[in-house]
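Please find one structure pasted underneath; my questions will follow.
The figures here come from the full heavy-atom set of this structure, side chains too, leaving out hydrogens, waters and symmetry mates.
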Amino acid sequence: MPIPQKKILFIGPHRPNRNGSQRFRMEQYFPYLEEQGFICDYSWFLEEKEDRILYSPGNAFGKLGVFMKAVIIRLRDVLHANRYDIIFIQREALMTGSVFFERQFSRSGAKVIFDFDDAIWLEDTSEANKSMAWLKRPSKTADIIKASNLVIAGNEFLADYARQFNSAVEIIPTVVDTSIYVPEKKPATERICIGWSGSKTTVKHFSLIVPVLKTLKEKYGSQIFFRQIGDKNFTAAGLSIESSDWKLEGEVDELNSIDIGLMPLPDDEWSKGKCGFKAIQLMALEIPSVVSPAGVNKKIIQHGENGFLASDTEDWIKCISDLIESSLLRERIGASARKSVEEKYSVKSQFPRLLSILYSLTGITN
């Protein structure tokens with residue numbers, strides 16, 4: 001007997017393929033959901049033009065225009081809400097302190113799912129928008145959770161926060177599609193690439209590891225070099241780094257150029273909410289990685305088996321040095337890392353759980 005078609009409206013601020021959270025927690029599932037008979041519609045309001053306005057300093061009138069466009073689109077979504085069986089909100093419907101639209105969705109005939117993968121109830125405003133921080137209200141996260149039929153959190157730390165306000169909480173980690181994230185056989189080379197991937201807003205985390213990289217360069221000289229994918233303007237005094245902006249085209253190829261991956265993080269509340277996704281990307285490509293033991297990283301990485309955890313400068317230097325000096329160790333750790341992703345952090349491993357959640361909310365028995 002065929003499963004009846006159900007319609008899902010996905011809500012997020014960014015256009016497709018623009019934002020990591022939306023790409024990997026919503027968009028990559030669309031074709032798989034459609035194969036199962038779901039109709040997926042996606043509503044966003046930030047095109048490339050609005051991006052430039054919103055994430056640049058000043059231009060208050062331009063930002064007001066972006067806000068008005070967003071409000072009009074969300075009002076349209078509210079008017080159409082009853083056409084859907086599920087409304088899936090990734091982080092928030094509008095990038096202000098208001099929860100007006102989330103509450104309107106909850107009063108419709110659709111079931112509301114709220115999905116989040118960062119500690120977004122904490123203060124975190126970009127430098128370009130410090131003057132607009134008064135418009136934000138991070139504590140609104142609790143209000144959205146209360147208004148939702150079900151919450152999907154990216155890790156246990158986030159889930160514990162959500163359970164204070166809603167008992168219907170599920171955990172689905174941020175994952176990759178291993179049919180797309182395919183390791184590339186690297187040609188034999190005497191130079192080893194040590195790399196990091198992120199964005200202009202997270203390159204501050206890469207800065208944490210610069211003193212370690214300087215020590216390694218003094219130790220290994222031309223045997224190693226460094227790549228930073230996220231901010232082409234990043235520089236570090238006394239250290240030559242190949243820096244580039246992140247871009248969607250060739251993303252996997254760029255990551256595949258790395259021999260040893262890094263994921264340094266500060267030990268703070270925000271890091272506890274991180275879902276270890278940069279490590280997962282590297283692991284999927286059989287790239288042995290050294291990461292900070294912050295938050296969920298301690299669950300993803302089994303030290304010495306599928307990666308390494310480094311707590312201080314001495315740990316970072318030793319773990320990276322061991323990987324530099326042994327190609328066999330790099331191969332062993334990389335293969336184990338890929339296996340971990342396939343088993344726990346891949347679309348293939350997590351899609352059945354998402355499907356079960358959607359079936360349950362829509363009354364489908366399978």
Side-chain angles (χ1 to χ4, degrees), residues 8-14 19-22 24-26 29 43-44 70-71 74-75 77-78 81-82 84-125 132-175 267-277 294-299 350 353-363:
I8 308 175
L9 175 62
F10 289 88
I11 296 286
H14 300 280
N19 174 269
S21 291
Q22 291 178 197
F24 293 102
R25 296 192 66 80
M26 295 195 309
Y29 287 112
S43 176
W44 72 92
V71 168
R74 289 294 175 250
L75 286 172
D77 294 334
V78 169
N82 285 322
Y84 295 92
D85 300 282
I86 291 175
I87 295 175
F88 188 109
I89 302 168
Q90 216 286 313
R91 291 191 174 221
E92 57 190 353
L94 194 67
M95 292 188 293
T96 69
S98 169
V99 294
F100 172 80
F101 294 109
E102 288 90 348
R103 284 176 175 154
Q104 294 307 307
F105 292 140
S106 72
R107 291 169 184 147
S108 71
K111 301 290 187 181
V112 174
I113 294 177
F114 174 59
D115 175 89
F116 70 128
D117 61 338
D118 270 321
I120 54 176
W121 65 90
L122 301 175
E123 293 284 351
D124 186 54
T125 304
M132 310 290 283
W134 62 274
L135 283 171
K136 288 182 168 287
R137 184 173 64 88
S139 60
K140 78 173 190 176
T141 303
D143 295 330
I144 302 174
I145 291 169
K146 291 173 187 175
S148 301
N149 296 97
L150 185 135
V151 177
I152 300 177
N155 63 39
E156 190 65 44
F157 177 75
L158 303 177
D160 284 343
Y161 174 81
R163 290 184 187 113
Q164 299 176 79
F165 312 105
N166 192 322
S167 60
V169 178
E170 298 284 347
I171 298 174
I172 297 181
T174 308
V175 300
D267 187 14
D268 57 20
E269 288 298 295
W270 181 264
S271 294
K272 289 178 183 177
K274 301 298 288 182
C275 292
F277 182 64
V296 77
N297 284 357
K298 290 179 287 189
K299 180 177 180 181
Q350 296 301 321
R353 298 189 61 229
L354 175 61
L355 199 58
S356 176
I357 289 168
L358 299 179
Y359 282 171
S360 176
L361 278 182
T362 55

(message) Less than 4.5 Å apart, side chain to side chain, heavy atoms only: is that true for Glu102 and Glu92?
(response)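 With C-beta onward as the side chain, the pair touches.
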(request) Please confirm whether the backbone N or O of Pro173 pairs with a side-chain atom of Asn155, one donor and one acceptor, at under 3.5 Å? (result) no
(message) To the nearest 0.5 Å, what is the distance between NZ on Lys299 and CZ on Phe157?
(response)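 It is 14.5 Å, given to the nearest 0.5 Å.
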(request) To the nearest 0.5 angstrom, please state how far the CG atom of Leu94 sits from the CD1 atom of Ile11. (result) 10.5 Å
(message) Between Arg137 and Val99, is there a side-chain heavy-atom distance shorter than 4.5 Å?
(response)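 In short, these two side chains touch, coming nearer than 4.5 Å.
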(request) Evaluate the side-chain contact (heavy atoms from CB on, under 4.5 Å) criterion for residues Asn297 and Ser271: first the C-alpha distance (whole Å), next the side-chain angles of each, then the deciding distance (0.1 Å), finally the verdict. (result) CA-CA 10 Å; Asn297 284 357; Ser271 294; over 6 Å; no
(message) Within this structure, what is the CD1-CD1 distance for the pair Ile86 and Ile357, rounded to the nearest 0.5 Å?
(response) 9.5 Å
Just distance, no hydrogens or angles: give the donor-acceptor pairs under 3.5 Å from side chains in residues 105-114, sequence neighbours left out.
residue	atom	partner	partner atom	Å
Ser106	OG	Arg103	O	2.7
Ser108	OG	Phe105	O	2.6
Ser108	OG	Ala110	N	3.2

(request) Could you please spell out the steps behind the side-chain contact (heavy atoms from CB on, under 4.5 Å) verdict for Val175 and Tyr29? (result) CA-CA 10 Å; Val175 300; Tyr29 287 112; 3.3 Å; yes
(message) Can you give me the closest heavy-atom contact between Ala119 and Leu158, atom names plus distance?
(response)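 Looking at all heavy atoms of both residues, the closest pair is N-CD2, 3.7 Å.
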(request) Provide the closest heavy-atom pair for Arg74 versus Ser43 in the form atom of the first, atom of the second, distance. (result) NH1-OG, 3.0 Å
(request) Could you tell me the separation between the OG atom of Ser148 and the CG atom of Asp143, rounded to the nearest 0.5 Å? (result)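 These two atoms lie 10.5 Å from each other.
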(message) Return the CD1 to CG distance between Ile89 and Leu9, rounded to the nearest 0.5 Å.
(response)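 Spacing of CD1 (Ile89) from CG (Leu9) equals 9.0 Å.
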(request) Output yes when Asp118 and Lys274 qualify as a salt bridge under the 4.0 Å nitrogen-oxygen rule, no when they do not. (result)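 Yes, charged N to carboxylate O under 4.0 Å.
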(message) If you define the side chain from C-beta out and look only at heavy atoms, does anything of Ser21 sit under 4.5 Å from Asp115?
(response) no
(request) Answer whether the closest heavy-atom distance between the side chains of Arg91 and Asp117 falls below 4.5 Å. (result)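 Yes, close enough: below the 4.5 Å cut-off.
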(message) Using side-chain heavy atoms (C-beta onward) and a distance below 4.5 Å, is Leu354 in contact with Glu170?
(response)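 No. Closest side-chain heavy atoms not under 4.5 Å.
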(request) Please tell me if the side chains of Gln164 and Ile145 come closer than 4.5 Å, counting only heavy atoms from C-beta onward. (result)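 They are not in contact (no side-chain heavy atoms under 4.5 Å apart), so the answer is no.
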(request) Check for a donor-acceptor pair, side chain of Arg25 on one end and backbone N or O of Ile172 on the other, with a separation under 3.5 Å. (result) yes
(request) Would you please classify the geometry between the Phe116 ring and the Trp121 ring as parallel, tilted or perpendicular, with 30° and 60° separating the classes? (result)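 Taking Phe116 first and then Trp121, their aromatic rings stand perpendicular (interplane angle over 60°).
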(request) Mind running side chain to side chain donor-acceptor pair (under 3.5 Å) on Asp85 and Thr362 for me, showing each step along the way? (result) CA-CA 7 Å; Asp85 300 282; Thr362 55; over 6 Å; no
(request) Sort out for me which residue in Leu75, Asp77, Ile87 forms a side chain to side chain contact (heavy atoms under 4.5 Å, CB included) with Phe101. (result)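 Per the side chain to side chain contact (heavy atoms under 4.5 Å, CB included) rule, the option paired with Phe101 is Leu75, out of Leu75, Asp77, Ile87.
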(message) I'd like to know if the side chain of Thr141 and the backbone of Pro138 have a donor-acceptor N/O pair within less than 3.5 Å.
(response) yes
(message) If you define the side chain from C-beta out and look only at heavy atoms, does anything of Val296 sit under 4.5 Å from Glu156?
(response) no
(request) Find the distance between CH2 (Trp270) and CG (Leu122) and round it off to the nearest 0.5 Å. (result)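 Interatomic distance, Trp270 CH2 to Leu122 CG, rounded to 0.5 Å: 6.5 Å.
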